[in-house]
Amino acid sequence: MVVNQLDFSIKNSKNILLVSHINPDGDTLGSMCGLHSLILDNYKKQCDMTAVSQIPNVYKFLPYIDKVKHISDIDSSREYDLVINLDVAAPDRCVEAQVLFNKAKETINIDHHKTNPNYAKLNIVDPQASATSEVLVGIAQKLDWKISQKSAICLYVGILTDTGSFKFSNTTSRTLEYAGKLLDAGVCASDIYQKCYETNSKDMVLFQSFCINKAEFTNNDKIAYTIVYKKDLEKFNNNGEDFTDGLTEKLRAIATTEIAFVVKELNAGTSKVSMRSRTKDIAQICTALGGGGHTLAAGALIKATPQKAVKMILNEINNKNLC
Ligand code: 5GP
Ligand code: MN
């Protein structure tokens with residue numbers, strides 16, 4: 001069984017690195033810190049953890065988050081016995097950490113994206129799971145690992161955020177059963193909800209209304225999108241908080257919307273698209289654009305200015321006759 005191979009690899013590795021994906025969300029950080037905590041409690045081993053981009057302020061309350069090193073603070077010539085990627089749908093999603101991954105003696109890929117190409121030596125990828133953190137609760141159960149309150153908080157954050165607070169279609173009875181186990185292990189649901197969703201700054205809320213106000217609607221309002229420019233983020237004093245968190249879902253919440261997306265301007269000529277739907281398989285759109293994700297929540301990095309990226313995305317949707 002694959003979980004026994006995971007157990008074997010952890011037992012036989014001295015130096016372990018846990019890796020999260022670019023532009024980290026609650027699931028990649030929750031599952032990384034959660035696995036760190038589980039390994040500490042159950043194997044008495046410390047793991048290194050790395051992030052390749054800034055950690056959003058909202059997740060700074062996660063247990064062990066202060067131990068996460070930026071990739072630039074890890075010697076790139078280091079050879080780890082074991083590297084475990086968490087919620088990393090494709091190898092390029094961990095950017096500079098790929099060097100360490102490629103050099104490691106053992107590699108494990110724990111994930112739940114259906115587009116994951118099983119790129120590690122050992123792959124534990126379950127597209128039925130709502131979150132990578134849900135995959136980890138299953139692993140913990142199979143291997144009879146103790147789940148401490150700290151581990152439970154991390155894993156609960158992963159599940160809570162990837163299910164949009166248990167309301168997306170990826171929420172199953174198993175998701176709720178596992179969330180229940182985490183509550184039994186000491187998680188306070190209202191406390192974690194408030195920490196994840198009710199600590200937005202005034203600037204962020206005003207920024208999101210600005211973005212919604214200038215949203216564009218095409219294909220009889222079936223497609224809704226907005227562009228986030230760097231200069232606007234600066235105007236609204238963006239400071240490390242993820243100002244676009246939940247923005248695409250707000251456009252999807254309009255009754256007429258079939259596909260919603262947000263295009264964010266990154267550095268010179270690069271844009272990031274975040275796409276959502278209630279009914280259409282948009283993973284195929286984002287995969288065609290070089291990204292990937294889930295059926296109803298996907299994304300891609302596009303080497304184009306935001307306006308060009310919008311054209312490419314609309315072409316892709318129209319060519320596939322999706323709306
Ligand atoms: P988000 O829109 O929240 O950034 O991402 C939605 C989902 O699509 C997430 O599960 C995320 O991991 C995945 N995703 C986002 N961007 C990319 C990308 O560039 N490549 C791949 N393979 N998946 C992505
Ligand atoms: Mn996830």
Side-chain angles (χ1 to χ4, degrees), residues 19-35 51-53 56 58-59 85-95 98 109-119 124-138 154-166 168-171 175 178 196 211 225-226 228 242-252 259-264 266 270-277 280-304 309 312-313 316:
V19 177
S20 54
H21 66 68
I22 187 170
N23 304 321
D25 60 11
D27 190 28
T28 196
L29 294 174
S31 51
M32 179 171 69
C33 292
L35 184 58
V52 294
S53 27
V58 63
Y59 298 121
N85 278 6
L86 293 141
D87 202 44
V88 179
D92 64 346
R93 298 270 295 151
C94 62
V95 206
Q98 278 181 96
N109 161 27
I110 304 180
D111 189 30
H112 68 126
H113 293 92
K114 69 170 187 175
T115 55
N116 192 306
N118 291 337
Y119 54 84
I124 308 180
V125 179
D126 178 5
Q128 306 305 319
S130 66
T132 299
S133 295
E134 182 176 323
V135 179
L136 282 177
V137 179
C154 297
L155 301 175
Y156 188 87
V157 167
I159 297 175
L160 181 77
T161 54
D162 259 22
T163 57
S165 313
F166 307 106
F168 297 156
S169 62
N170 57 2
T171 307
T175 313
Y178 285 4
C196 289
C211 293
Y225 67 91
T226 189
V228 170
D242 182 2
F243 268 27
T244 55
D245 188 33
L247 182 57
T248 328
E249 279 92 0
K250 293 204 172 90
L251 293 175
R252 175 174 65 178
I259 296 180
F261 64 89
V262 171
V263 172
K264 187 172 169 188
L266 303 179
T270 315
S271 305
K272 152 92 186 132
V273 56
S274 177
M275 196 174 285
R276 301 288 185 269
S277 179
K280 309 283 178 188
D281 181 357
I282 47 157
Q284 53 172 321
I285 305 286
C286 291
T287 302
L289 294 163
H294 311 287
T295 306
L296 304 177
L301 265 182
I302 302 179
K303 284 209 171 67
M312 290 163 71
I313 296 162
E316 206 54 56

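Starting from 1, each residue takes its place in the sequence as its number. Atoms within each ligand, like the ligands themselves, are counted from 1 in listed order.
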Going by heavy atoms in the side chains, are [X] and [Y] under 4.5 Å from each other?
X      : Y      : answer
Phe261 : Ile285 : no
Val273 : Ile313 : yes
Gln98  : Asp92  : yes

Working for salt bridge (Lys or Arg N to Asp or Glu O under 4.0 Å), residues Lys114 and Asp281: CA-CA 12 Å; Lys114 69 170 187 175; Asp281 181 357; 3.3 Å; yes

When you compare ligand 1 with [X], is there at least one nitrogen or oxygen pair between them that comes in under 3.5 angstrom?
X      : value
Gly292 : yes
Ser274 : yes
Thr115 : no

Give the atoms of ligand 1, by number and element, whose distance to some non-hydrogen atom of [X] is under 4.0 Å.
X      : answer
Lys272 : 4 (O), 15 (C), 16 (N)
Gly293 : 8 (O), 13 (C), 23 (N)
Leu301 : 19 (O)
His294 : 10 (O)
Ala89  : 22 (N)

In degrees, rounded to 10 degrees, what angle do Asp162 atom OD2 and His112 atom NE2 make at the Mn ion (ligand 2)? 90°

Asp25 near the Mn ion (ligand 2) via N/O/S, less than 2.8 Å: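 Here the distance criterion (N, O or S atom, under 2.8 Å) is not met by Asp25, so no.
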
What's the verdict on side chain to side chain contact (heavy atoms under 4.5 Å, CB included) for Cys196 and Thr161, showing C-alpha distance, side-chain angles and the deciding distance? CA-CA 8 Å; Cys196 289; Thr161 54; 4.2 Å; yes

Judged by atom type as modelled, is there a donor-acceptor pair below 3.5 Å linking the side chain of [X] to the main-chain atoms of [Y]?
X      : Y      : answer
Asn85  : Cys94  : no
His112 : Ala129 : yes
Thr28  : His21  : yes
Asp27  : Gly30  : no

What residue and atom, counting heavy atoms only, is the protein's closest point to [atom], and at what distance?
atom                    : value
atom 7 (C) of ligand 1  : Ala297 O, 3.4 Å
atom 19 (O) of ligand 1 : Ala300 CA, 3.4 Å
atom 12 (O) of ligand 1 : His113 NE2, 2.9 Å
atom 8 (O) of ligand 1  : Ala298 CA, 3.3 Å

The Mn ion (ligand 2) to Asp87: nearest N/O/S atom name: OD1

Among the N, O or S atoms of Asp27, which one sits nearest to the Mn ion (ligand 2)? OD2

With a distance cut-off below 6.0 Å to the six-membered ring centre and an angular limit of 45° from the axis, does Arg252 pair with Phe168 as a cation-pi contact?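 Cation-pi check for Arg252 and Phe168: passes.
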
Under 3.5 Å side-chain donor-acceptor pair for Ser130 and Thr163: no

Hey, looking at atom 1 (P) of ligand 1, which of Lys264, Arg276, Lys114, His21 has the closest heavy atom? Arg276

